[in-house]
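These notes are about the structure you will find just below.
Nothing here was measured: the structure is a model prediction, and the numbers come from that model. The basis for the numbers below is simple: all heavy atoms, side chains too, and nothing from hydrogens, waters or symmetry mates.
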Amino acid sequence: MAAALTAHELITRHRPTLDQALETIRTRAYWSPHPEHPKAYGEHGSLDTAAGKAAFDALLGTRLDLGQPGTDGWVDGETSPYGIELGVSYPHADLDELLPAMRSGMRAWRDAGAETRAVVCLEILKRISDRTMEFAQAVMHTSGQAFMMAFQAGGPHAQDRGMEAVAYAYAEQVRTPGTAEWTKPQGKRDPLALTKEFVPVPRGVALVIGCNTFPTWNGYPGLFASLATGNAVLVKPHPRAVLPLALTVQVARQVLTEAGFDPNLVALAAERPGEGIAKTLATRPEIRIIDYTGSTEFGDWLEGNARQAQVYTEKAGVNTVIVESTADYKGMLANLAFSLSLYSGQMCTTPQNLLIPRDGITTDQGPKSFDEVAADLAKAVDGLLGDDARANALLGAIVNPDVKARLEAAAGLGEVALASREIANPEFPGAVVRTPVIVKLDGAKPDAEAAYMSECFGPVSFAVAVDSAGDAVELLRRTVREKGAMTVGAYTASPEVEEAVREVCLEEAAQLSLNLTGGVYVNQTAAFSDFHGSGGNPAANAALCDGAFVANRFRVVEVRREA
């Protein structure tokens, strides 16, 4: 049967976008082909907000049959953090049948070449973009993100990250020419002459282990990096966040089929309750690449036990902000308040420890004591979240009971500067919504150290009193070195302190944001420009997205012939 989409058609359609992405990762300037405002949707065949909601509602209680080989049953059980039973059923796979089927299409996919693979991936992303509003609902009701964040982070920003991975993958594959004529002079004898062919070859089947909080944003980089470099990709979603990645697999299989490739190059591995198939999959010989976002414990297990695979992990860390001085006290407080509140602190980039000299800081509003800084930050958070409607729009819902338990326990760790409060969500009465807690700790006390040197994922932050700016810098160094950090922030008007913090972050490989007081926050990163994680400290062994993230997903095999 003839392909519905030819390579020529896809190249004509998507090559300009690929070229723009390649240029943007070179310049690190701002660019996105995916609109991040809901009003931009509803044109050119995309779903608007109402149509996206209707499409999502139509999925509830249905069976999502992907047509995968080896389906031996069906899996359901997702419940929205907003209290809705999704009731969607997904195929459960017999791995002994599915994995060989996935490998069978890899030869044609490999032989298609880097450009064709790239534009097929961009067509998948375009189809997902057209359904952004439907995906936003799916992300919202599996992650607990508020709608606007689910739309932006789960939609255009996730699609940007996927496209960024495609651009890096393409750039690395074409770095080596496809062919070369090699001639070596031999003096009076005839020269030696060879024709050399260089072929990027995939490693095998890649496994994407999805997370609960950002299923698409964290899932797309690995998925598209592996697919664009010629690998088949098996997507194993988090059991509480299957729908967004299942829809992604559905779209990918449709596009691959229309482009004349085996749809089994992308497949879903949903699991039964308590089955725990991630460990089983991670050590199977067919799995040659693993992308994982989640707990440090399981990330460490993968790095130590999945010896046959190239493993990319984003785990956990203790994100730190040094507050030493500021020329914009009001702007600093507003920026920090938003950073602590967004998505109830359920982000791997949310600040946890605020290191503040116990003798206070200097500001444009005069000197502020440690207690005043903590109290003023508490007031800023209260002011931001004082209106319940606004609070619901920023906080979303608590994603699982473990986060709620940590939040409730944190109040007993020290003096509470800001108590958490419960907020009702009129639209979703079943949602668990809580404001952040801020706890004051003395950095010199061992019992306090046990608290602030451990990750407390969720809306929990510690205002930690330290003896001096120098002590704050050294505590930052120890925290990043021992526990890792996805983000570091600092507020200082001192060039000397700024340079000391910068040097620590360079030495310990932590991404640094300095003196943010406007509309950019320490827990946000922009695709094509910002690196998410560094791969250089314990929080993650890879960065989203750089050349190292894609280059080892394929190898170059050389074929030599005498000319």
Side-chain angles (χ1 to χ4, degrees), residues 55-81 84-106 134-135 137-139 141-143 204-212 215-216 219 222-223 226-227 231-257 262-294 298 302 306 309 399-400:
F56 169 77
D57 289 342
L59 290 169
L60 301 181
T62 65
R63 175 174 288 182
L64 197 69
D65 191 346
L66 300 173
Q68 295 182 175
T71 298
D72 60 10
W74 298 89
V75 179
D76 59 17
E78 280 171 297
T79 299
S80 167
I84 297 172
E85 294 285 343
L86 301 190
V88 183
S89 299
Y90 309 98
H92 183 274
D94 178 344
L95 299 176
D96 291 331
E97 188 172 342
L98 178 60
L99 287 170
M102 295 184 71
R103 287 188 58 84
S104 67
M106 287 181 58
E134 178 185 357
F135 274 74
Q137 294 287 336
V139 170
H141 285 289
T142 52
S143 71
V205 179
L207 173 65
V208 174
I209 302 175
C211 68
N212 194 175
T216 55
L223 192 165
S226 288
L227 192 61
N231 303 279
V233 183
L234 180 60
V235 179
K236 205 294 293 181
H238 190 284
R240 287 192 292 261
V242 182
L243 184 57
L245 291 179
L247 293 175
T248 301
V249 170
Q250 182 186 57
V251 173
R253 292 175 65 85
Q254 291 169 346
V255 171
L256 286 164
T257 300
D262 190 335
N264 297 320
L265 287 165
V266 179
L268 185 77
E271 59 186 311
R272 299 186 177 106
E275 187 177 6
I277 62 170
K279 281 190 174 182
T280 302
L281 280 168
T283 52
R284 286 191 64 121
E286 302 96 330
I287 300 299
R288 304 304 303 276
I289 302 167
I290 298 173
D291 287 277
Y292 168 75
T293 301
F298 191 59
L302 287 170
V399 71
N400 64 53

Point to revise | Leu247 vs Gln250 side-chain heavy atoms within contact, under 4.5 Å | key: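 A side-chain contact under 4.5 Å exists here.
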Exercise for review: Kindly indicate whether the side chain of Asn231, heavy atoms from C-beta on, has any atom under 4.5 Å from the side chain of Arg288.
Suggested key: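 A side-chain contact is absent here, since even the closest heavy-atom pair is not under 4.5 Å.
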Using the test side-chain contact (heavy atoms from CB on, under 4.5 Å), find all partners of [X] that sit at least two apart in sequence or belong to another chain.
{"X": "Ala252", "answer": "Ile124, Val266"}
{"X": "Pro91", "answer": "Leu66, Gln68, Thr71, Trp74, Leu268"}
{"X": "Ala101", "answer": "Pro69, Asn264"}

[X]: what forms a side-chain hydrogen bond (donor to acceptor under 3.5 Å, both in side chains) with it, not counting sequence neighbours?
{"X": "Thr216", "value": "none"}
{"X": "Thr142", "value": "none"}
{"X": "Thr280", "value": "none"}

Check your understanding: Among all residues two or more places apart in sequence or in another chain, which pass the salt bridge (charged side-chain N to carboxylate O under 4.0 Å, His left out) test with Glu134?
Key ->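 Here the qualifying residues are Arg131.
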Side-chain atoms of residues 235-245: list all donor-acceptor pairs with protein atoms under 3.5 Å, sequence neighbours left out, distances to 0.1 Å.
unit_1, atom_1, unit_2, atom_2, d
Lys236, NZ, Glu271, OE2, 2.6
His238, ND1, Arg240, N, 3.1
Arg240, NE, Asn212, OD1, 2.9

Roughly how far, to the nearest 0.5 Å, is [atom2] of [Y] from [atom1] of [X]?
{"X": "Leu265", "Y": "Ser104", "atom1": "CG", "atom2": "OG", "answer": "8.0 Å"}
{"X": "Ile277", "Y": "Arg272", "atom1": "CD1", "atom2": "CZ", "answer": "9.5 Å"}
{"X": "Leu207", "Y": "Ile289", "atom1": "CG", "atom2": "CD1", "answer": "10.5 Å"}

Review point. Run the side chain to side chain contact (heavy atoms under 4.5 Å, CB included) check on Val249 and Val233 step by step: do they pass?
Key: CA-CA 9 Å; Val249 170; Val233 183; over 6 Å; no
Closest non-hydrogen atom pair between [X] and [Y], with its separation:
{"X": "Leu302", "Y": "Ala282", "answer": "CD2-CB, 3.5 Å"}
{"X": "Leu95", "Y": "Pro100", "answer": "O-CD, 3.8 Å"}
{"X": "Arg103", "Y": "Gly204", "answer": "NH1-CA, 4.0 Å"}
{"X": "Leu281", "Y": "Ala269", "answer": "CD1-CB, 4.1 Å"}
{"X": "Asp291", "Y": "Ser226", "answer": "OD2-OG, 4.1 Å"}

Review point. Given Glu286 and Met102, is the side chain to side chain contact (heavy atoms under 4.5 Å, CB included) satisfied, shown in steps?
Key: CA-CA 10 Å; Glu286 302 96 330; Met102 295 184 71; over 6 Å; no
Exercise for review: Could you pull out all residues at least two apart from Tyr90 that satisfy ring-ring contact (aromatic ring centres under 6.0 Å, His included)?
Suggested key: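 Tyr90 satisfies ring-ring contact (aromatic ring centres under 6.0 Å, His included) with no residue once adjacent residues are dropped.
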Which pairs would a plain distance check flag for residues 55-63, meaning a side-chain donor or acceptor within less than 3.5 Å of a matching protein atom at least two apart in sequence or in another chain?
unit_1, atom_1, unit_2, atom_2, d
Asp57, OD1, Lys53, NZ, 3.0
Asp57, OD2, Lys53, NZ, 2.8
Thr62, OG1, Leu59, O, 2.5

Check your understanding: Does anything in residues 87-100 pair up under salt bridge (Lys or Arg N to Asp or Glu O under 4.0 Å), and if so which pairs, sequence neighbours excluded?
Key ->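 Only Asp96-Arg284 qualify under salt bridge (Lys or Arg N to Asp or Glu O under 4.0 Å).
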